[in-house]
Each structure stands twice: as C-alpha cells, then as structure tokens.
Amino acid sequence: MDERSLLTSLKGIGEKKADAFRRAGIETVGDLIGYYPRAYESFEAPLDYLELSDGRTAAVCGFIEGSISVRYVKNFKITSAKLRMDGGLLPLVWYNMPYLRSQLHPGMRYVFRGRVRRKGRSLQLEQPSVYTPEKYEELMSGLQPVYPLVKGLTETTLRSALRQAFDSLGPLPEYLPESIRKSAGLASLSFATERVHFPSDKEEMGIARKRLIFDEFFLFILQLRMLRESRQKALRSRPLSEGGHAAQVIASLPYSLTGAQKKVWEEIRSDLCSDHVMARLVQGDVGSGKTILAFLGLILTAENGCQGALMVPTEVLARQHYEAFCRLMEEQSFDCRAVLLTGSMKASEKKAAREKIESGEAQIIIGTHALIQEKVIYRDLALVVTDEQHRFGVKQREMLGTKGEEPHVLVMSATPIPRTLAVILYGDLDVSVLDEMPARRLPIKTAVVDRSWRPKAYSFIREQIAAGRQAYIICPMVEESEAVDAENVTDYAEMLRGELPESCVIGVLHGRMKPQEKNAVMERFLAGEIKVLVSTTVVEVGVNVPNATVMMIENAERFGLAQLHQLRGRVGRGDAQSYCIFMRGDSSGESADPEQDTAGKRLKILRDSNDGFEIARKDLELRGPGDLFGVRQSGIMQFRIADPFEDHEIMQNAAACADRIMRQDNGLERPQNAALKQKLLLYIDKNAKNVNI
C-alpha cells in the first residue's frame, strides 16, 4: 500500500463509506493522511458551578437529577436535563439528540463538556459531549483532533481509517533537502504527518504542525518563484506604445489622481510599454482608486489595436464596471468598443458577444468567470485584469492568461495584507501599493456597541432613510438555528419590518439564492427601490451604491477583521458622511476589560482606523505567533493547514529557504533536489486538477 492506493484498500471501507469520504475530497490514502484537523480540543479539569461563565467551553461533573425530557420546537427535538454539581443545579440542552433520554440515567455520575450560554438570568450547558469520569480522565492527558466532517463521515470512522493507514504505510519518503530541514528546525515528514493526527501532547502537536505548515508554504512559494522565473524570460513580440488617450483621460477627470495613483499608473504604463510581460498586483484599500487604473490600462491596450479583458467576481459588479467604462469612453469621445459577458446572459446575447470578441470588433471585454470558458476565443488579447484577487485562484488567472499570446496580467485586490506578506503570497507578481486615499472620500464613522444600543441604531437608520439614504444590515446566518445564538437574515428582515415605516422596502440577500435572484435584489438596491438590505456576507464584494450611508453588522465578533473592513467598505462611496455600526452579540461590550476581551480589542482596531493596511498590521500583532487550538481561515489563500497571518514567521522562513534553493538550482536539476522536484511537480499537477471554475 502507498499514498496512491484507493481508500477501499483499507479494511472496513466499502463503497458506501468510500462515498462519504469522497464527499470530503478524500479518495486515496494520501488524501486521507493529508486531511488535517481543523482544530484541537484540550480537555481541562471539570469546573465548579461558580467558575462557569457565558461563552466558555467547559467540562462539569455531577449527577443527573430528575427526569430527562424531549420537546419539539419547529424542526428541532430539544433534549433537556439538570445536573446536580458542586455549587448549583445546571441545565443541560441538546438539539436533535432525543436518543440521549434512554442512554443517560438519573443518579449516575457523568462528565459533560460543552459551551456555556446565558439564558435570561441563568446559565446552561449546550450540546455537551458525555463521558464517564474514567474516560474523561484519560482524555485530560492528551489532545483530541477535530476534523471538518460531511454527511455520513464520523470522527470515529475517520480516526479508525487514519490509524489503519499509518500502520500500513510505513515511513513516508522525505523530499526536503537535509540542509533545509536542519536550518529550519523541522521534524521528519513521517513524524509530522502521523503526529498531527495523533499527538500525545501540545508540544508534539506543535512540532508536527510546524513541519506541515512549512511544507505547504514552501511548495506554494517555490511554485510562484518558478512561475516568476519563466515570466521574466517571456518577451512580447509587439510592445505597446502610449498614444495619448490615457493621459487625456487623466487630464479631463473631474478629480486629480492621488500621488499613489500616479506612481502606480507609471509602473503599469512602464510595464505595458516594455518588451517584457507584465505580472503586477495592485493592492489598494477599499475606495483607493484601483478601478480607474484598470480602465487606463485597458484604454492604452485598445489604442494599440489590441484587446483587454477585465474579470470580476460578481455579475452585478461586472455590469456596473461595463456601464462605467462605456460612460467614460462616451465622455472622452474615444471610439473604444466594449462588450459585457456574464453567465446569466441569454444564449443569443452570449453568442453575439463571443463573435465580437473572436472577430476583434470588441476591444474591451468585461465580465465574470465566463471570460475563461472554452467557447470564448480572443483575437489579440494583450492585457488581462482580474479584480478582487482573493476570489480567483492562481490557476484561474493562468487560464485567462492562456487566452492570448503572453498577455500582460494586472491583478487587483482590496484585501488589506501587510506588504511583507503580500510580497511572499503573490511571489509571481510585482507588488504595487495604493496607500493613499482620495481627498474627496470622507472617513467612515465607526461605533462598536452591544445589543442594548439596538433601538438607537434603528432610530438612526430611520433618520437616514427619511433623508433619502439607504442602509445595509449584515447577519452571520441565513436561517434560525437552535444550536447557534446569532442573528439570521430570514427572521431579522421580518422583525425589521415592524421597526421601520411601512413605506420602507426591505430586501433580503444570501448565498442560497440563485444567481438571478441575487442579481435582481442588488439591481433593485442599486436603483434605490430597496431602502434597507438585510444580507449575509455575500455583499462583501458587491457593487458601488453611493446612496448607502449605513452599514450595521450584527454579531460582529463572529467575523474576521479583514472581512469586517471589506463589509464596511460597501458604504462611504458617495459624497455624504457614512457610518458603520458593529453590533456585538455576545455578553461583552466596550465596557469589558480590554486586556481580557479579545473580541473587544479586535473591534477597537476597526473603530479607531479606516486604514486597511494599518488594520491588517495591528491584527497581525494581536494574533501573535498563532492559535494552536484552531487554525483560523484568513480567506486570502486556501491552504489546508497553514494561515498566512497566524503562521507568518514560518512563511517568511519558508520563503527564505525557497529563495536559497532557487539561487542555487533554479531548475531543480541537481541530484540532491530530485525528490523535491518530483514533489513540486505532483503539487502543481494536483492544484491544476482542483481548480473550480
């Protein structure tokens, strides 16, 4: 047996279980051992009643007192019991687990572990796991991995398969050169891969994760370094030349470009007019003026008789960019023909657009991922611009790039990343930074409040609507869940109708809606028909609605800082003063001790600054070297175990090692690098197969 063996080669895994594993993306033994835990649970000693606090995960020990009941609420079966413990009587609650009534016995001693929640004036333990005192004592000596599960796949099945796989595989072949392992202080691949799943203690788990995190960064960065190497050798047979139209547009704009915009435009212009192929990232905060730079690049491309493409993540945003570009061309009296291409267009419309693209009649093509479909053939694609980089993978950018003969590539991102990390994460690209905001853009006034402030928030929203403005309200969930105490879009919108005037049209938007439905809602909001849009984070990358002046985010402590900053950037797009209200849904507020209240410290960063790069820098400082018990997802890159923010020190070390390898042997042709080259080729091939378009 080796890593390429199918999962069914393991004892006890037939087709039915194999199907469950496949839903989790696990088909081979190699996929299985690479299915890393998303977090680890540390089993602390049981607490007394008086030591419990709202929001804490805790273990308690005692006797079930009285009977165990099961009641029905909507689609939930709620099982309730009471635990007699030192210091008090603690309610226990489970959702959709009615079988516990026959498994738990009053008078017997148990250990329960779950999340403590405040309900009214009392505390309760929600969805706790159940242990005998003897079993829990065993668990206290080690760590318990927690995996992302799918329907039909349990923790027990997964751990059993993992144990059998490691027993059958034997030592995994090492591919890292010994010099790198020693300089970076890394464990062997065999040790790390097994102990990340079966750690005996925190120290062992940390050693294992460090090696696997390093590997993930190292291979990713090495791939980018080789891409950069090949691009630097690439020459365009026909460099572009500046014909004056871009300069004319800059001179006639109703505002002046910022110093940062001028500097970055000169870098883009210089790249486009050189004989080398441009591969550049423009990283700028929300509202820093990236779009006009993309338009200028497209104009320069068109005046050279070539085609330029702008790919964005949503259809509504594509349409808005298309209309803005056409309006600009009309104002400039510049004969530059543009077409729109999105997935929801009628078949006849898409066919007509494709014909214009193939014939060259369309010089500028603006759309979504429909631009990279096989049927789309470009006549002379010289510039590819992708907006909101974190929504598109490296391979998707590459696919659009292959539509032309070595086209220039311009990548634009509003995700704030400290420059030190951006240079590594986008190692195949030159990095430009727009670190200056237009003078005409007013800073968004931001408040962090708790739920007691909600009536004032509604009153403020009513005032803004009466003044002709619009508002967003963001909820973390689509529908109500008994298991999670958080606001949901469905019930919130209904409740809001009782708080706002009948004349106020309230819209709903969430990820479960069909693309056509989402587009229709956003179009109505953009037109001003919808006054308040209650949404999940699907509006994070949306359209410009200059008339929207209020962004209220419920349960703000549940979101990451980068995401909150992106959401806040949906307002402040017009001339009027805009506001953002971060509504905390937990029991703490701004009055909580900032030394103890991590959520409060993080939200305070946003309250005190509108600068995305400063927010990212402080967030990096606050996170520190990493959270051992939960690998947070930054949303910037889809790593399996590594996190660019949490693990930035390991990433910088991996980058230094990759650079050293490239300096010594940039083609990985030396015998001592043969295993590394084979591993890298497998890594690149696997990533290419996993592209989801």
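Values in this document were obtained by computation on a predicted structure and should not be read as measured data.
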For a 4.5 angstrom cut-off between non-hydrogen side-chain atoms, does [X] reach [Y]?
X	Y	answer
Arg269	Leu296	no
Asn610	Arg568	yes
Val532	Cys504	yes
Leu341	Val339	no
Arg319	Glu315	no
Leu257	Ile292	yes
Met311	Val384	no
Arg462	Leu500	yes

Would you confirm whether [X], through its side chain, and [Y], through its main-chain N or O, come within 3.5 Å as a donor-acceptor pair?
X	Y	value
Asp285	Ser288	no
Gln470	Ile530	yes
Arg337	Glu361	yes
Lys350	Gly343	yes
Lys290	Met412	no
Gln307	Ile365	no
Asn304	Leu300	yes
Glu523	Val316	no
Ser274	Asp271	yes

key: Arg280, CZ: over 12 other non-hydrogen atoms inside 6.0 angstrom   = yes
key: From Thr549, Val545, Asn547, Ile444, residue fulfilling side-chain contact (heavy atoms from CB on, under 4.5 Å) relative to Val571   = Ile444
key: salt bridge (Lys or Arg N to Asp or Glu O under 4.0 Å) pairs, two or more places apart, involving residues 468-478   =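 For residues 468-478, and leaving out neighbouring residues, there are no salt bridge (Lys or Arg N to Asp or Glu O under 4.0 Å) pairs at all.
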request  = May I ask you to say whether Arg454 pairs ionically with Glu554, meaning some side-chain N is under 4.0 Å from a carboxylate O?
outcome  = yes
ask   = Do the charged groups of Glu266 and Lys262 touch, with an N to O distance under 4.0 Å?
value =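 Salt bridge flag = no for Lys262 with Glu266.
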message = Suppose we screen for side chain to side chain donor-acceptor pair (under 3.5 Å). Which residues come up paired with Ser459, at least two apart in sequence or across chains?
response = none
Using the test salt bridge (Lys or Arg N to Asp or Glu O under 4.0 Å), find all partners of [X] that sit at least two apart in sequence or belong to another chain.
X	answer
Arg379	none
Glu349	none
Asp611	none

ask   = Regarding Glu614 and Ser609, is there a side-chain donor-to-acceptor distance under 3.5 Å anywhere?
value = no
ask   = Which ring pair (Phe, Tyr, Trp, His ring centres under 6.0 Å) pairs, counting each pair once, include a residue from residues 319-357, with sequence neighbours left out?
value = His245-Phe334, Phe295-Phe325
query = If you measure from CZ on Arg570 to CG on Leu533, what distance do you get to the nearest 0.5 Å?
reply = 11.5 Å
request  = Would you give the length of the straight line joining atom SG of Cys336 to atom CD1 of Ile364, rounded to the nearest 0.5 angstrom?
outcome  =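 The distance works out to 4.5 Å.
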query = With a 6.0 Å cut-off on ring centres, are Phe559 and Phe582 close enough?
reply = no
